[in-house]
Asks: 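Here it is: the structure, laid out below.
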Amino acid sequence: MHPYLEIRRRMLDKAMRRYVRADIAWRQGLEQAALLVPGAIGRGYLMIGNPGSRVRRLYDERDRALQRLAAARAKLHEARGRVRVEQRIPLIAHS
């Protein structure tokens, strides 16, 4: 694999792990909130809490992790395109 692609792939893997951890923490936070406030999770909606609340903070962390994941995917896709272009350009040797 091209070294540049390897770096981007590692960034994507790291972003994915961060997102999964943030998603698990957010879901656990929702479950804990539902124990205190039974109507916090309903059919097709959920309350994410007031600004500064634990559930809102977990939601915001998850959202940032998702945005970083999307950016990492886009950068990997862009890097793959650059590598493909580099492979198509023939090298011309001057004598």
Asks: How long is the gap from CG on Leu5 to CZ on Arg82, to the nearest 0.5 Å?
Replies: 9.0 Å
Asks: Would you please name every residue forming a side chain to side chain donor-acceptor pair (under 3.5 Å) with Arg21, sequence neighbours left out?
Replies: none
Asks: Measuring from Arg9:CZ to Leu12:CG, what's the distance to the nearest 0.5 Å?
Replies: 5.0 Å
Asks: With a 4.0 Å cut-off, would you call Arg27 and Glu31 a salt bridge?
Replies: no
Asks: Taking all atoms of both residues into account, what is the closest heavy-atom pair of Arg8 and Leu76, and its distance?
Replies: CB-CD1, 3.7 Å
Asks: Show me the donor-acceptor pairs, under 3.5 Å and distance only, between side chains in residues 13-20 and residues at least two apart or in other chains.
Replies:
unit_1 : atom_1 : unit_2 : atom_2 : d
Tyr19  : OH     : Arg62  : NH2    : 3.2

Asks: Other than Met11, what residues sit in its cluster of Ile, Leu, Val, Met, Phe, Trp and Tyr side chains whose heavy atoms are under 4.5 Å apart, directly or through others?
Replies: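 Met11 clusters with Ile7.
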Asks: Flag the pair Glu61 / Leu58 as yes when at least one side-chain heavy-atom distance between them is below 4.5 Å, and no otherwise.
Replies: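 They are in contact (side-chain heavy atoms under 4.5 Å apart), so the answer is yes.
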Asks: Taking side chain to side chain donor-acceptor pair (under 3.5 Å) as the definition, give me every residue that meets it alongside Gln32, ordered by chain and number, with sequence neighbours left out.
Replies: Arg54
Asks: Ignoring hydrogens and angles, write down the donor-acceptor pairs under 3.5 Å from the side chains of residues 63-74, residues two or more places apart or on other chains.
Replies:
unit_1 : atom_1 : unit_2 : atom_2 : d
Asp63  : OD2    : Gln67  : NE2    : 3.0

